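What follows is one structure encoded as structure tokens, with my remarks underneath.
Computed from a predicted model, the values in this text were never measured in an experiment.
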Amino acid sequence: QVLVVESGGGLVQAGGSLRLSCTASGLSFDDYPMAWFRQAPGKEREWVSCTNWSGYITSYADSVKGRFTISRDNYKNTLYLQMNSLKPEDTAMYYCAAARRYYASGCWTSRDEYDYWGQGTQVTVSS
């Protein structure tokens with residue numbers, strides 16, 4: 001059974017930082033792309049960032065580019081999202097997602113490509 005668990009969310013002032021973590025078990029973690037998505041109240045779940053199996057290829061939504069950094073530690077089966085210069089519009093539930101198909105040279109930005117999801121961790125940025 002695959003289990004994906006996020007942690008690290010919280011309340012932070014605008015301009016502050018948070019680091020989200022995501023551990024995944026029950027799958028070959030180092031074989032597949034992984035991603036972060038977020039969903040604000042009343043809005044669709046949107047893609048934030050993703051990384052290929054090795055972590056050497058990353059991609060970011062324009063809204064977070066230059067402020068967020070995705071990384072992974074395949075020895076620890078853990079995905080990270082370092083979030084700096086946070087803005088109130090970053091307030092959302094953040095979800096970690098894992099794929100189960102190989103994609104050596106990149107990662108997907110569509111939620112439909114990811115098969116396993118965590119329960120989410122809440123990030124709230126106050127102004």
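- No side-chain heavy atom of Thr69 sits under 4.5 Å from any side-chain heavy atom of Leu81.
- Nearest approach of Gly118 to Glu6, heavy atoms of both residues: CA-OE2, 3.2 Å.
- The closest side-chain heavy-atom distance from Val64 to Trp47 is not below 4.5 Å.
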Given the rule in the side-chain contact (heavy atoms from CB on, under 4.5 Å) test, do Gln82 and Leu20 qualify, once you have shown the distances and angles that lead to the verdict? CA-CA 6 Å; Gln82 178 67 43; Leu20 306 184; over 6 Å; no

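- Listed for the Thr78 side chain is a donor-acceptor partner under 3.5 Å among the backbone atoms of Lys76.
- A 4.5 Å side-chain heavy-atom check between Val4 and Cys22 finds at least one atom pair inside the cut-off.
- Counting heavy atoms from C-beta on, the side chains of Val12 and Thr124 never come closer than 4.5 Å.
- With respect to Lys65 and Asp62, a salt bridge is recorded, a charged nitrogen being found less than 4.0 Å from a carboxylate O.
- In this structure a side-chain-to-backbone donor-acceptor pair under 3.5 Å is present from Ser49 to Ser59.
- To the nearest 0.5 Å, atom OG1 of residue Thr51 and atom CH2 of residue Trp36 are 12.5 Å apart.
- In this structure, the separation between OH on Tyr116 and CG on Leu27 is 6.5 Å, given to the nearest 0.5 Å.
- Contact detail for Ala98 and Met34: the closest heavy-atom pair is CB-CE, 3.8 Å.
- From Arg111, atom CZ reaches atom CD of Gln39 across 6.5 Å, with rounding to the nearest 0.5 Å.
- A distance of 8.5 Å separates NZ of Lys87 from OG of Ser63, quoted to the nearest 0.5 Å.
- No side-chain donor from either of Arg100 and Tyr32 sits under 3.5 Å from a side-chain acceptor of the other.
- Checked by atom type, the side-chain pair Asn84/Ser17 shows a donor-acceptor distance below 3.5 Å.
- At least one donor-acceptor pair under 3.5 Å links the side chain of Ser110 to the backbone N or O of Asp112.
- By the 4.5 Å heavy-atom criterion applied to side chains, Ser7 and Thr121 are not counted as neighbours.
- Note that CZ of Arg38 is 13.0 Å distant from CZ of Arg45, once rounded to the nearest 0.5 Å.
- By the 4.5 Å heavy-atom criterion applied to side chains, Thr23 and Asn77 are not counted as neighbours.
- Two residues are said to be in side-chain contact when any heavy atoms from C-beta on lie closer than 4.5 Å; Ser21 and Tyr80 meet this criterion.
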Step by step, would you call Leu18 with Leu86 a side-chain contact (heavy atoms from CB on, under 4.5 Å)? CA-CA 8 Å; Leu18 282 174; Leu86 283 160; 4.2 Å; yes

Take Asn52 and Tyr103, measure what side-chain contact (heavy atoms from CB on, under 4.5 Å) needs, and give me the verdict at the end. CA-CA 7 Å; Asn52 78 325; Tyr103 188 175; over 6 Å; no

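- For the residue pair Ala14 and Ser127, the shortest heavy atom distance occurs at CB-CA, 4.4 Å.
- Taking the ring centroids of Trp53 and Phe29, they lie at or beyond the 6.0 Å cut-off.
- Using a 30° and 60° split on the angle between ring planes, Tyr95 and Trp117 fall in the perpendicular class, above 60°.
- Ring orientation note: the planes of Tyr114 and Phe37 are nearly perpendicular, at an angle over 60° on the 30°/60° scale.
- Checked for salt-bridge contact, Asp115 and Arg101 miss the test: no charged N lies under 4.0 Å from a carboxylate O.
- One finds the CZ atom of Arg67 at 9.5 Å from the CE atom of Met83 (value rounded to the nearest 0.5 Å).
- Shown here are the ring-ring contact (aromatic ring centres under 6.0 Å, His included) partners of Tyr60, two or more places apart in sequence or in another chain: there are none.
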